[in-house]
Amino acid sequence: MADEIRTVGVVGAGQMGAGIAHVCALAGYNVILYDIAEDRLKAALATVEGNLARQVSSGKIDDEERKRSLSRITATRGLEKLAAADLVVESATEDETVKRKIYAELCPILDPETLLATNTSSISITRLASATDRPERFMGIHFMNPVPVMELVELVRGIATEDSTFSKAKVFVASLGKTIAVAEDFPAFMVNRILMPMINEAIYTLYEGVGTVDAIDTAMRLGAHHPMGPLQLADFVGLDTCLSIMQMLYEGLADSKYRPCPLLVKYVEAGWLGRKTGRGFYDYRGDTPVPTR
Ligand code: NAD
């Protein structure tokens, strides 16, 4: 990685990749946003545009900053464009095979000094690092959803991550105006290790008929002062992502208390993945979300 980061590559233009591109561009970095799917790139740019416009309306940034930020983002389906990056943040689908394939194609293109980070929610950083040519310059930079709004970033070192990589990542994350929490490389790190079993338990509560979707979400919103109910939050995160994190906890920690709820598996099998597919624990196809149970 260059001593100074000027250009950030983002791999995967999904809900997280779009947000990462947004905060990096706003902080003054040039951003190369890469995805294999043209429609995802278009959707990501539209999301960034919409969210920047909202920040102007709420007085957080001015119109000049909005225009400059947008002009700093280049969306591309050409992987070779990432050669210009000083840091690449991989934020593709939460699937180890997909990520390994990306690293195999990406690493030969990057400068040997370029830092490579992953935004994975649950996969071992050490294991992902071993699939790259640069375990010393590889680590986890785990953003929270929605990236422009959430203040926290978890930093996770793999076993081989060099101190200089870690220091540069700290400076980079601080330059985005985010607060850092350092986590050791164990399944799902800290936030999801605590959050996902709670969401999974909410799904068990539904599965066992203790409460309806509405009752469970109301209970946690008003009874525990959570800003969103756990089922609403699960739909927001994406039920496929929730399931893969629970599977990672279950297998990685070999403890039955992390067993994914069969109802979560069923929703994912149905392709009801939450907001992003229009249906999950709520149906989002009408004007207001309607519980599906
Ligand atoms: P998403 O499904 O919205 O986006 C994934 C994107 O990756 C898609 O646009 C897809 O086209 C792209 N992709 C798939 N294969 C690719 C390839 N070979 N090359 C380039 N792009 C490819 O998912 P997301 O919610 O944005 O999650 C992305 C990553 O961020 C995951 O690792 C996830 O665990 C992590 N994460 C998610 C959340 C969350 O709340 N959703 C929070 C923190 C971290």
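All ligand and atom numbering here is 1-based and tracks the order in the structure. Side-chain atoms are counted along with the backbone in the values below, which use heavy atoms only and exclude waters and symmetry mates.
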May I ask you to decide if the ring planes of Tyr204 and Tyr207 are parallel, tilted or perpendicular, using 30° and 60° as cut-offs?
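The arrangement is perpendicular - the two ring planes meet at more than 60°.
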As a test of reading the model: which residues have a non-hydrogen atom less than 4.0 Å away from ligand 1?
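Around ligand 1, where the cutoff is 4.0 Å for heavy atoms, the contacting residues are Val11, Gly12, Ala13, Gly14, Gln15, Met16, Tyr34, Asp35, Ile36, Arg40, Ser91, Ala92, Thr93, Glu94, Val98, Lys99, Ile102, Asn119, Thr120, Ser121, His142, Phe143, Asn145, Val237, Lys276.
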N-O pairing of Asp111 and Arg134 below 4.0 Å
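Looking at Arg134 together with Asp111, the answer is no, because their closest N to O distance does not fall below 4.0 Å.
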Identified side-chain hydrogen bond (donor to acceptor under 3.5 Å, both in side chains) counterpart of Thr292 within the set Tyr267, Tyr282, Trp272:
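So, applying the side-chain hydrogen bond (donor to acceptor under 3.5 Å, both in side chains) to Thr292 and each of Tyr267, Tyr282, Trp272, only Tyr267 qualifies.
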Would you tabulate the side-chain donor-acceptor contacts of residues 38-52 under 3.5 Å, counting partners in other chains and residues two or more places apart, or write 'none'?
residue: Thr47; atom: OG1; partner: Ala43; partner atom: O; Å: 2.9
residue: Asn51; atom: OD1; partner: Arg54; partner atom: NH2; Å: 3.3

Among the clusters formed by ILVMFWY side chains lying less than 4.5 Å apart, do Ile123 and Met139 turn up in the same one?
no
State whether the side chain of Asp235 and the backbone N or O of Phe281 hold a donor-acceptor pair below 3.5 Å, judged by distance alone.
yes
